[in-house]
A.B. asks: 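Can you read through this structure? Questions will come right after.
Reminder, nothing fancy here: chain letters follow the sequence lines and each chain counts from 1.
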Amino acid sequence: MRMKLTLPDKSIRELPEGSSGYDLAKDIGAGLAKAAIALSVDGKQQDLNDAILEDCSVSVITIESQDGLEIMRHTLAAQVLARALKNLYPDSKLAIGPTIDKGFYYDIECSKTISIDDLEKIEKEMHKIVQSKSSITKKLLSKSDALNVFKSLGESYKQEIINDSEQKNDFQLYYQDNDEFVDLCKGPHLPNLSFIGAFKLTKVSGAYWKGNSNNKMLTRIYGTAWNTEKELNEYLHELEEAEKRDHRKLGKEMDLFHFQDEAPGMVFWHSDGWTIYRNLRNFVRLKLQESGYIEVNTPQVIDRKLWEASGHWDKYRENMFITEIDEEHANEKRVNALKPMNCPGHVQIYNQGIKSYKDLPLKYAEFGLCHRYERSGTMHGLMRVRAFTQDDGHIFCTNNQIESETGLFIEFLSNLYSDLGFKEFDIKLSTRPEMRVGSDEVWDKAEAALESAIKNLGYPYRIDEGDGAFYGPKLDFVLTDAIGREWQCGTFQLDFNLAERLDAQYVGEDGNKHYPVMIHRAVLGSFERFIGILIENYAGKLPFWLAPKQVVVASIVSDVNDYADEITSMLKKQGIRAEVDLRNEKIGYKVREHSFKKVPFIFAIGKNEKTDRTVSIRKIGSTDTSSMSLDEGINYICSHNKV
RNA sequence: GCUCAUAUAGCUCAGCGGUAGAGCACUUGCUUGGUAAGUAAGAGGUCACCGGUUCAAGUCCGGUUAUGAGCUCCA
């Protein structure tokens, strides 16, 4: 019997029934047979030597393809790294070893703690294994046979995986030539280890078994792997470049902010950092005003009663900072919480006076400083802090206004991102989480409303099941930065619960009272985090309008100090953040120093400039200078000073 | 919160049982120099904090706090 195999180009090739992927590749050409490592049958990957059973569409996966690269990484993890670990630490137990973006990891339980210094030794062992160029073969075992194999090896995690599996038969066990090493794996794997490319182990850390923090912590070893040494080096170079952009490093170098032990997770903003913050806030404030928001401000410290009513006390008590007044001086016994969110405060403002349907949509905005007690291991520079300011806003509206408000918000957000230099963003629709308030009917309604709004508006989106807020479904906005990293910033969260909980109502056209829909929304998220993202996106070289110091006027000889002063005050009069540098240093020294601080423009002023009343302008990132008259120079600078 | 690592001068780091070091930055001389480091001298430290081992502790061992890489979490 022969079977018909449809290739990706739609051509059909006939082979005897039971032929393998390798047979097919060989039939097509010797070159392909050499590069082939696995097979995709009707979209499902299988090992190259597995039999093809019936008519189907197939494509041969080669080592050069993206799929091939991932299979190589997988084999490297599950066969090479795992075997190396078993060789070096025989009493360790294997857990799992999947591929991840650009690499792989393997989790093991190990009585000896493995540290970063051990990676070299493990890598050496891996190279030894790769050099054997062993073939990889597999056996298919029944559930009980597979269990027995791993029982005899003492591999309890593998047994657990088998036990938890709904599968009855055909558990795949992979072996290498002349070795007792065996791993349970869904495959596929490389046919042999000669396909392994360039790799490097990168880090070691702990990870919970099955990702559950109640489970035992295992040792996780991370690595990266590529087909060639060149690609590996390019990737390592990219990592180094990303490290140079680290906002914590640049923040120190540029003197923007610091942290200290007495206030973990809370920013000490230095003058230049605070200037960035203020510029960003002014920019957002202006945009909000243009879009019909009204800015409000609500208290920092609020009685727990309000948090109980809003539901926060129940759900997030452990992440709230609580304050009590010193008993000796207190004449009232109150437990207060520092606000972790602005929404209950906004409802209090809404609740002053009676609202009519004619007042809706009512859009409150607040640059509200919130405190959340983040657990100690979660903080990260400006990106994850305990005190942060949101560009927060709450839209009180009717059901009928949800769609138009969704559209207006996305447009608003997309303009803001674009002005800040982020041209691309993705939208994620997150649905009801396990821990939530509100009835299922309300959730049905909220999810349907949001999905239909975004569908009707025609924006592409993907769904993230169970990632919604505890009070409602949400849209999240993920932007892509200059080096391709993704940051979730904007959010748009429907809430059919809070208005009712806090008794916010409006009088409808029918004269009856109704609960408005509340939409929690933010574009930047938190200023702290967003400034971190901006610093990394621009590698410190912020757009002119955001730069804390925009121009430094540097004198070359002290005879021209008066002229340098004059230029500086002219720039300042035009609203430019200019500084003068009259120090007794060479111009090269000054240029170097201000370049490190990422000042966008340096004016180098010498005798020629003073005599001719000109300026010599040096733009950051270029070694060219341009000379122009003083007036032209000032106009040139001012022309940069807009968003 | 968990695992592992780290904490020495303003910054970046060396020192790892026996009198605390370097480069840069800082101060003061000299130097007026044309676009990414002129030059010399000086000052600067309870080696994160608390306890233990030792004749002797930045150095070894506990603990605490903070930071880093991950995990978990993120209204």
A.B. asks: Syn or anti for B/G58, please, going by whether the chi angle lies within 90° of 0.
C.D. replies: syn
A.B. asks: Measuring only the C1' atom in each nucleotide, how far is B/A9 from B/A5? A whole number of Å is fine.
C.D. replies: 24 Å
A.B. asks: Please give, in whole Å, the distance from B/U3 C1' to A/Trp209 CH2?
C.D. replies: 17 Å
A.B. asks: For nucleotides B/U3 and B/C16, find the distance between their C1' atoms and express it as a whole number of Å.
C.D. replies: 25 Å
A.B. asks: Return yes if the base of B/U35 and the side-chain atoms of A/Ser595 contain a donor-acceptor N/O pair under 3.5 Å, otherwise no.
C.D. replies: no
A.B. asks: Rounded to the nearest Å, what distance is computed from the CD1 atom of residue A/Ile116 to the P atom of nucleotide B/U3?
C.D. replies: 18 Å
A.B. asks: Compare the minimum distances between each of B/U32, B/A66, B/A75 and the side chain of A/Gln493, then state the nucleotide with the smallest one.
C.D. replies: B/A75
A.B. asks: Quantified in whole Å, what is the C1' atom distance between nucleotide B/A66 and nucleotide B/C60?
C.D. replies: 23 Å
A.B. asks: So which nucleotide does B/A56 pair with, by the Watson-Crick or G-U wobble rule with both distances under 3.5 Å?
C.D. replies: none
A.B. asks: Does the pair A/Asp272/A/Lys597 count as a salt bridge with the N-to-O cut at 4.0 Å?
C.D. replies: no
A.B. asks: Taking for each residue the nucleotide of RNA chain B with the nearest heavy atom, is it A/Asn212 or A/Arg592 whose nucleotide lies nearer the 5' end?
C.D. replies: A/Arg592
A.B. asks: Between B/C13 and B/G45, how far is it from one C1' atom to the other, in whole Å?
C.D. replies: 15 Å
A.B. asks: I'd like to know if A/Arg384 reaches the base of B/C74 with its side chain such that a donor and an acceptor end up less than 3.5 angstrom apart.
C.D. replies: yes
A.B. asks: Answer yes or no: is there an ion pair linking A/Lys244 with A/Glu253, defined by an N-O contact shorter than 4.0 Å?
C.D. replies: no
A.B. asks: Of the nucleotides B/A75, B/A36, B/U35, which has the atom closest to the A/Thr625 side chain?
C.D. replies: B/U35
A.B. asks: Less than 4.0 angstrom between a side-chain N/O of A/Lys203 and OP1 or OP2 of B/G70, yes or no?
C.D. replies: yes
A.B. asks: Between B/G1 and A/Glu318, counting only base atoms on the nucleotide and side-chain atoms on the residue, is there a donor-acceptor pair under 3.5 Å?
C.D. replies: no
A.B. asks: Roughly how many Å apart are B/U54 and B/A22, using the P atom of each and rounding to a whole number?
C.D. replies: 34 Å
A.B. asks: Searching all strands shown, indicate the nucleotide that pairs with B/C4 (Watson-Crick or G-U wobble; both distances under 3.5 Å).
C.D. replies: B/G68
A.B. asks: If the P atom of B/C24 is compared with that of B/A20, how far apart are they to the nearest Å?
C.D. replies: 24 Å
A.B. asks: Give a yes or no on whether a salt bridge exists between A/Asp581 and A/Lys549, defined as a side-chain N under 4.0 angstrom from a carboxylate O.
C.D. replies: no
A.B. asks: Is A/Tyr222 near enough to B/C4 that one of its side-chain N or O atoms lies under 4.0 angstrom from OP1 or OP2?
C.D. replies: no
A.B. asks: Looking only at N and O atoms, is any donor in the side chain of A/Arg375 or the base of B/U72 less than 3.5 Å from an acceptor on the other one?
C.D. replies: yes
A.B. asks: Provide the Watson-Crick or G-U wobble partner of B/U39, both distances under 3.5 Å; none if there is no partner.
C.D. replies: B/G29
A.B. asks: Suppose we define a pair by two distances each less than 3.5 Å, Watson-Crick or G-U wobble; what does B/C73 pair with here?
C.D. replies: none
A.B. asks: Taking donor-acceptor contacts at under 3.5 Å, does the side chain of A/Thr219 reach the base of B/U3?
C.D. replies: no
A.B. asks: Take A/Lys86 and A/Glu155 through the salt bridge (charged side-chain N to carboxylate O under 4.0 Å, His left out) test and state the conclusion after the steps.
C.D. replies: CA-CA 11 Å; A/Lys86 288 296 280 188; A/Glu155 296 285 5; 2.8 Å; yes
A.B. asks: Could you please name the option among B/U35, B/G38, B/G34 that lies closest to any side-chain atom of A/Arg618?
C.D. replies: B/U35
A.B. asks: When the ring planes of A/His312 and A/Tyr316 are compared, do they come out parallel, tilted or perpendicular, using 30° and 60° as the limits?
C.D. replies: tilted
A.B. asks: Is any side-chain N or O of A/Arg248 closer than 4.0 Å to OP1 or OP2 of B/A69?
C.D. replies: yes
A.B. asks: A/His380 NE2 to B/A69 P: how many Å, rounded?
C.D. replies: 5 Å
A.B. asks: Side chain of A/Arg372: nearest nucleotide among B/G38, B/U3, B/A75?
C.D. replies: B/A75
A.B. asks: Determine the Euclidean distance between corresponding C1' atoms of B/U19 and B/G33; express it in Å to zero decimal places.
C.D. replies: 43 Å
A.B. asks: Examine B/U12: is either OP1 or OP2 under 4.0 Å from a nitrogen or oxygen in the side chain of A/Lys252? Give yes or no.
C.D. replies: yes
A.B. asks: Are any of the side-chain nitrogens in A/Lys428 or A/Asp426 under 4.0 Å away from the carboxylate oxygens of its partner?
C.D. replies: no
A.B. asks: For B/C4, does either OP1 or OP2 sit under 4.0 Å from a side-chain N or O belonging to A/Ser115?
C.D. replies: no
A.B. asks: Under 6.0 Å between ring centres: does that hold for A/Phe477 and A/Phe492?
C.D. replies: no
A.B. asks: Is A/Tyr316 stacked against the base of B/A75, taking the criterion as centroid distance under 5.5 angstrom and interplanar angle under 30°?
C.D. replies: yes
A.B. asks: Could you tell me how far apart A/Asp107 (CG) and B/G70 (P) are, to the nearest whole angstrom?
C.D. replies: 15 Å
A.B. asks: Please state how far atom CG in A/Leu218 lies from atom C1' in B/C71, giving the value in whole angstrom units.
C.D. replies: 10 Å
A.B. asks: Choose from B/A66, B/G38, B/C71 the nucleotide whose nearest atom is closest to any side-chain atom of A/Asp261.
C.D. replies: B/A66
A.B. asks: Starting the side chain at C-beta, find the nucleotide from B/G34, B/C71, B/U32 nearest to A/Tyr208.
C.D. replies: B/C71
A.B. asks: Can you name the closest pair of heavy atoms from A/Gly540 and A/Leu250 and give their distance?
C.D. replies: N-CD1, 3.8 Å
A.B. asks: Taking only side-chain N and O atoms of A/Arg317, does any of them lie within less than 4.0 angstrom of OP1 or OP2 on B/A75?
C.D. replies: no
A.B. asks: Under 3.5 Å for both donor-acceptor distances, Watson-Crick or wobble: does B/G21 have a partner, and if so which one?
C.D. replies: B/C13
A.B. asks: Given the structure, check if the side chain of A/Tyr105 and the base of B/G70 hold any donor-acceptor pair shorter than 3.5 Å.
C.D. replies: no
